[in-house]
K.L.:
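Sharing a structure with you now.
Numbers restart at 1 for each chain; the letters A, B, ... are given by sequence-line order, proteins then strands.
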Amino acid sequence: MDRRSFIKTLGATGGTALVGKRLRAENSSGADEPVGVLVDTTRCIGCRTCEEACAEAHGLPVPEDLDEDIEGVVRTTSEKQWTVVNAFTVDDEEIYVKRQCMHCNQPACASACLVKAMYKTEEGPVIWREDRCMGCRYCMISCPFDVPKFEYNSTVPRIQKCTMCWERQQKGEIPACVENCPEEALTFGKRRDLLEIARRRIYNEPDKYVHHIYGEHEAGGTGYLYLASVPFEKLGFKTDVGTTPYPELTKEFLYSVPVVLLLWPAFLLALSNATKREDDHERKIREIINEVGNE
Amino acid sequence: MNNNTNISSPGGFRGVLRFVLSELKPKGKMLTLFNVISLPVMILGAALLVVRFTRGLGSITNLSQDFPWGLWIGFDVVTGVAFAGGAYVLTFMVYILRSEKYHPIVRVTILNGLLAYIFYAGALLLDLGRPWNVINPIIGKSFGVSSVLFLVAWHFLLYMLSELIEFSPAIAEWLGMKRLRKILSAMTLGAVIFGITLSTLHQSGLGALYLMAKGKIHPLWYSEFIPILFFVSSIFAGLSMVIVEGSISHKVFSDRLSVRLKRSHDDILIGLSRICAGTMFVYLFLKILVFIHGQHWSLIDTPMGYWFLLEVIGFVLVPCIVFLYAVRKRNLPAVRIAAVMALIGIILNRLNVSVIAFKWNAPLHYVPSWMEIEVTLAIICAEIWVFRWIVNRMPVLNDPPAWARSRTNGEIKNVPRQKKEVLQPWDT
Ligand code: SF4
Ligand code: SF4
C-alpha cells in the first residue's frame, strides 16, 4: 500500500474522503484545462465599460459614479458591483486596473466552504450556489484577495462575486466584460493559451512590460492573469500571497484528522482498560473484605 | 432532598410528564439581584434578535465586508468553546485515568460543557446569514469535506450528543427511570472516549479555521501551529473555568452540595491548579518556540508587540506563577485569582486571533456594536438560567438518589478506601 492509498484508506475510515478528490483536483491539467481572462493593463483606457456590462449582465445596479473621475480612489468590489476599475498614477503615467474575483486554480473560498456553495467548476470559473450557502462567511475570511462580499442588510443575504459569467459561458458566450471591452484589454480563453499570449507580448515588447505575469503562480495560480508596465505592488496588487495554493495551509491539519479519529479512541480505550484492571483488583479485595466482615 | 423517589415506574409515561410539568415551575425566590439584572438583559436580547432576523445581520452588528466575523464568532464561539474544554479534560481524568478525586465535580462540569456548547455554538446560528441551510452539511446535500469548518460543525454536533449521553444518567435519576439509567450509564465510557477525541479535534480545529487567513492575521499571532496552541490552551482554559464556576456554585448552591463535594472541594481546586500550572507552562514553552520559529523579534517593539507581550506575560506567565504559588501554599484565593487571570488571557488570545489582530492594519477596524455585546450577555444569562434550573432539580452537585448508588449500578463505585469515613451508606 503506497502512502497515498494508505492515507485514503484512513480518510475513508475516518469519515472523510477528501484526499482522493483533492489530489485529482491538483492534477486537473490536460484535456479540461480551465478557462481564464488575461488583463493587459497597458491597453486599458479606464472607460469602465466592463463595469457597466457586468452590472447589466447580472442584474446589478448600474455603477452610480460612472461619470466621476476615479483617479486616486482605490475602490473595492462590493455586494452591488462585481468588478471595478481603479486608476493609479505611476511616474506621471495613468494606469487602469480592473479587479474582480481571480478565479484561483485552487480557490481558498471553495475549500473553506463547508457546503460546497463556493465551487470551482471544471471549466474554471469559481461560482456561488445559492441553494447551498448557509451564510457563514468563512469564504470571506479565507479568500486571499478579499473578493466574496455579503449582503449584510438582507434577510435572505447572498454572497456576491464575479462568476466569470458562468451562465453566459454555458450558453457558449464569453464573459460580458471581455465582450464589451473596446480596447481588447481583456482576452478570454484557456488559461494555458492565455499564458502563451502573455509571454509572447512580453517577449515582443520587453521594454513595455514588467517581466511578470501576475496570477501565473500567485496563490497557486489564478484564472485571471495580468500584464503591466510597472511592478504590480504599485498597482495595488497583493504581493504577499505566495505561490502555495491556499487550501494547502489547512491540508496538514485535515490529514491528521482521520489519524486522530482512528488512533485516539484506541489509545484512550487501552488507557482506560489499564487503569480499570487495578480498580477491579481493588474492588475484589474490598468485596472479600466485606464478605468476611458480614459473616 | 430527593423529591423524585415518589415517581418510580408505576406512574408510567403520564406520571413522568406530570412530574416534568410540575418541575417547570421556578423554585426559590424570584426577586434576586441576578434575576433583576438578567431578565431585562434577556428580554432586550430577544428583541434585538427579532430585529436581526427581520432586517439582516447588518441591522444590529458592525460586521462589514472587511470583517465578516466579529464578537459572536470570536467570543461566543471561539472563546466559549475553549472555556467549555473543562468537560473533556475532567472526563479524561475521571473515566480514563479513573482519578476518583475529581468525581464529585464531573457531572457539573459536563453539564456546564453541554450548556456552553448548546448556547455558544448556538450563537453560530445567529451569525449565519442563511441559517435555514444549516442542515445541508448534515443531511448530506453537500459535504464540503475539505473545509475545516465542516469538521468543526460536525464535531460540535457530535460532541453535544456525547456530552448529553454523559450527562443523561442524571436526567434518568431525576425522572426516576431506573432501567433507562442503567442503559445510559453503560454508554458513558464510550461517550467519554468519543467526546475526548472530538474535543481534541475541534478545539484545535477552531484554530485551524484561521490557517487560511494567512496575511490577514498579525504575524505575532498567525502561525501554522495555531491548532496546537488552541488545543493546549483549551486544557487550562477549561479547567480555570471549572475553578471559577465551581467556586461560584459552591456559594450559590451550597444547599445542593453533596457531603463528598463539600469535603473535597478545596482538594479538588488545588489539584486542578496544579494541572493548570503544568499545561500553562507547556503552552508558554510552545508559544516561545513558535515565536522563535517565526523570527519576529523586530515586531516586539511595536504597539502590537506590546499587546502581544501583555497577553503572553501578563495573562499566561503571571497566572501560571500564581497557580504554582497557590498550590504550594494551599491558598484558595490565589487559585481563584490565577484562574480568573488565565481566563482573561484566553479571552485576549482568542479575540486577538479572531478579531483584534485580524486585519490589524485596516484603516477602519471592527469594533462590536453595543447590540452585539448585549446579545452576547443575554446568551450568557440564558445559559445561567438553564444551568440553575437543572442544578436545582437534578442530582448534579448533590448525590444521586439512593437507588442509583448501588455499587454495581453506577459510576460511583470506586472510592478510595482511605476516605471511607466520607462515604455514604451505599458503599457498604
Ligand atoms: S479570488 Fe477569492 S473568491 Fe475568487 S476564486 Fe480566489 S479565493 Fe475564491
Ligand atoms: S458563506 Fe456560503 S459560500 Fe461562503 S463559505 Fe459559507 S456557506 Fe460557503
Side-chain angles (χ1 to χ4, degrees), chain A residues 15-18 21-22 76 78-79 108 110-117 131-138 140-142 144 146 149-159 238 240-242 246-247 249-250 252-254 257 260-261 264-265 268-269 271-272 275-276 278-279 282-283 286 290, chain B residues 53-59 61 63-66 68-69 92 95-98 124 127-134 136-137 141-151 153-154 189 192-194 196-197 200-201 204-205 208-216 224 227 358 407 413-414 417 428:
Chain A
T16 43
L18 57 117
K21 268 190 197 143
R22 285 155 68 85
T76 56
S78 73
E79 73 275 25
S111 89
C113 184
L114 72 170
V115 286
K116 288 196 187 147
D131 56 327
R132 297 175 183 231
C133 172
M134 60 167 76
C136 68
R137 308 187 294 291
Y138 186 32
M140 300 170 74
I141 295 277
S142 307
D146 280 329
K149 298 290 182 315
F150 183 77
E151 296 177 322
Y152 282 104
N153 292 316
S154 160
T155 43
V156 194
R158 287 167 300 177
I159 291 284
K238 280 204 175 182
D240 61 350
V241 289
Y246 267 56
L249 294 170
T250 50
E252 227 166 283
F253 175 78
L254 287 169
V257 169
V260 173
L261 270 179
W264 217 198
L268 292 172
L269 197 64
L271 199 60
S272 157
T275 50
K276 190 175 180 179
E278 263 169 50
D279 274 6
E282 261 180 49
R283 202 177 63 193
R286 224 171 352 148
N290 284 338
Chain B
F53 281 108
T54 48
R55 306 202 20 220
L57 268 170
S59 59
T61 69
L63 297 173
S64 63
Q65 305 298 353
D66 279 330
W69 285 357
F92 176 72
Y95 294 104
I96 305 294
L97 299 182
R98 289 169 209 267
L124 201 71
D127 200 69
L128 288 183
R130 309 164 62 85
W132 54 91
N133 274 343
V134 73
N136 279 351
K141 180 164 178 191
S142 43
F143 281 160
V145 285
S146 62
S147 167
V148 180
L149 192 58
F150 176 79
L151 177 106
W154 259 99
L189 184 65
V192 163
I193 290 179
F194 193 47
I196 297 169
T197 310
T200 316
L201 286 171
S204 48
L209 280 181
Y210 290 92
L211 286 176
M212 276 202 286
K214 190 183 179 187
K216 299 186 193 178
E224 64 213 271
F358 184 84
R407 283 228 315 262
K413 47 182 181 183
N414 302 298
R417 259 169 303 154
T428 25

K.L.:
If you measure from CG on A/Leu114 to CG on B/Asn136, what distance do you get to the nearest 0.5 Å?
P.N.:
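With rounding to 0.5 Å, CG (A/Leu114) is 9.0 Å from CG (B/Asn136).
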
K.L.:
Quick one: pull up CG in A/Leu269 and CD1 in B/Ile193 and give me the separation to the nearest 0.5 Å.
P.N.:
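It is 4.0 Å, given to the nearest 0.5 Å.
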
K.L.:
Counting only non-hydrogen atoms closer than 4.5 Å, does B/Ser59 touch chain A with its backbone (N, CA, C, O), its side chain (CB onward), both, or neither?
P.N.:
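Contact with chain A is through the backbone of B/Ser59 alone.
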
K.L.:
Out of B/Gly215, B/Ser204, B/Pro131, B/Ala153, which one racks up the most heavy-atom pairs below 4.5 Å with chain A?
P.N.:
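Top count of heavy-atom pairs under 4.5 Å with chain A: B/Ser204.
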
K.L.:
Is it the case that the side chains of B/Arg55 and A/Ser154 hold a donor-acceptor pair, with the cut-off being a distance below 3.5 Å and no angle test?
P.N.:
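Looking only at side-chain atoms, B/Arg55 and A/Ser154 do not form any donor-acceptor pair under 3.5 Å.
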
K.L.:
Looking at every heavy atom in both A/Val115 and B/Pro137, which two are closest together, and how far apart are they?
P.N.:
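In this case the closest contact between A/Val115 and B/Pro137 is CG1-CD, 3.3 Å.
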
K.L.:
Determine whether B/Leu151 and A/Val257 make a side-chain contact, defined as any pair of heavy atoms from C-beta on separated by less than 4.5 Å.
P.N.:
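With C-beta onward as the side chain, the pair touches.
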
K.L.:
With side-chain contact (heavy atoms from CB on, under 4.5 Å) as the test, would you mind laying out the steps for A/Leu261 and B/Leu201 before giving the verdict?
P.N.:
CA-CA 8 Å; A/Leu261 270 179; B/Leu201 286 171; 3.7 Å; yes

K.L.:
Using the rule side chain to side chain contact (heavy atoms under 4.5 Å, CB included), only one of B/Lys216, B/Lys214, B/Met212 pairs with A/Ser142; which is it?
P.N.:
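That would be B/Met212; it is the only one of B/Lys216, B/Lys214, B/Met212 passing the side chain to side chain contact (heavy atoms under 4.5 Å, CB included) with A/Ser142.
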
K.L.:
Identify the heavy atoms of B/Asn133 and A/Cys133 that sit nearest to each other, and give their distance.
P.N.:
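That closest heavy-atom pairing would be ND2-O, 2.6 Å.
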
K.L.:
Nearest 0.5 Å please: distance from the CH2 atom of B/Trp69 over to the SG atom of A/Cys136.
P.N.:
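Going from CH2 on B/Trp69 over to SG on A/Cys136, the span is 6.5 Å.
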
K.L.:
Quick one: closest heavy-atom pair of A/Ala110 and B/Ser146, and the distance?
P.N.:
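The answer is O-OG, 4.5 Å.
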
K.L.:
Can you tell me which portion of B/Phe358 sits under 4.5 Å from chain A's heavy atoms? Options are side chain, backbone, both or neither.
P.N.:
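The side chain, not the backbone.
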
K.L.:
Quick check on B/Gln65 against chain A: is it the side chain, the backbone, both or neither that has a heavy atom closer than 4.5 Å?
P.N.:
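Contact with chain A is through both the backbone and side chain of B/Gln65.
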
K.L.:
For a side-chain contact (heavy atoms from CB on, under 4.5 Å) check, start with the C-alpha distance between B/Leu57 and A/Arg137, then their side-chain angles and the critical distance, and finish with the verdict.
P.N.:
CA-CA 12 Å; B/Leu57 268 170; A/Arg137 308 187 294 291; 3.2 Å; yes

K.L.:
Do you know which two heavy atoms are closest between A/Ile141 and B/Pro68, and how far apart they sit?
P.N.:
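Nearest heavy atoms, A/Ile141 then B/Pro68: CD1-CG, 4.0 Å.
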
K.L.:
At their closest point, which heavy atom of A/Trp264 faces which heavy atom of B/Thr197, and how far apart are they?
P.N.:
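Looks like CD1-CA, 3.5 Å.
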
K.L.:
Output the distance between atom CZ (B/Phe150) and atom CG (A/Leu254), rounded to the nearest 0.5 Å.
P.N.:
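Going from CZ on B/Phe150 over to CG on A/Leu254, the span is 11.0 Å.
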
K.L.:
Measure the CG-CG distance between A/Leu249 and B/Leu211 for me, rounded to the nearest 0.5 Å.
P.N.:
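With rounding to 0.5 Å, CG (A/Leu249) is 6.5 Å from CG (B/Leu211).
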
K.L.:
Which heavy atom of A/Ala112 sits nearest to which heavy atom of B/Ser147, and what is that distance?
P.N.:
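Nearest pair, atom of A/Ala112 first, then B/Ser147: O-OG, 2.5 Å.
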
K.L.:
Measuring heavy-atom distances to chain A, does B/Trp154 have an atom under 4.5 Å in its side chain, in its backbone, in both, or in neither?
P.N.:
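Contact with chain A: none, neither part.
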
K.L.:
Indicate yes or no for a side-chain donor-acceptor contact from A/Tyr138 to the backbone of B/Leu209 under 3.5 Å, with no hydrogens or angles considered.
P.N.:
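Judged by distance alone, yes, a pair lies under 3.5 Å.
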
K.L.:
Checking B/Ser64 against chain A: side chain, backbone, both or neither under 4.5 Å from a heavy atom?
P.N.:
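For B/Ser64, backbone heavy atoms alone lie under 4.5 Å from chain A.
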
K.L.:
Rounded to the nearest 0.5 Å, how far does OG1 of A/Thr155 lie from CZ of B/Arg130?
P.N.:
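Going from the CZ atom of B/Arg130 to the OG1 atom of A/Thr155 covers 10.5 Å.
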
K.L.:
Could you tell me which portion of B/Leu124 (side chain, backbone, both or neither) has an atom closer than 4.5 angstrom to a non-hydrogen atom of chain A?
P.N.:
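When you check distances to chain A, no heavy atom of B/Leu124 falls under 4.5 Å.
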
K.L.:
Under 4.5 Å, counting heavy-atom pairs only, tell me which of B/Thr61, B/Asp127, B/Leu189, B/Val192 racks up the most with chain A.
P.N.:
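Maximum pair count with chain A is reached by B/Asp127.
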
K.L.:
Heavy-atom distances under 4.5 Å only: say whether A/Phe253 touches chain B with side chain, backbone, both or neither.
P.N.:
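Only the side chain of A/Phe253 comes within 4.5 Å of chain B.
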
K.L.:
Only pairs of heavy atoms separated by less than 4.5 Å count here; which of B/Trp132, B/Tyr210, B/Phe194 has the most with chain A?
P.N.:
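Of B/Trp132, B/Tyr210, B/Phe194, B/Trp132 has the most heavy-atom pairs under 4.5 Å with chain A.
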
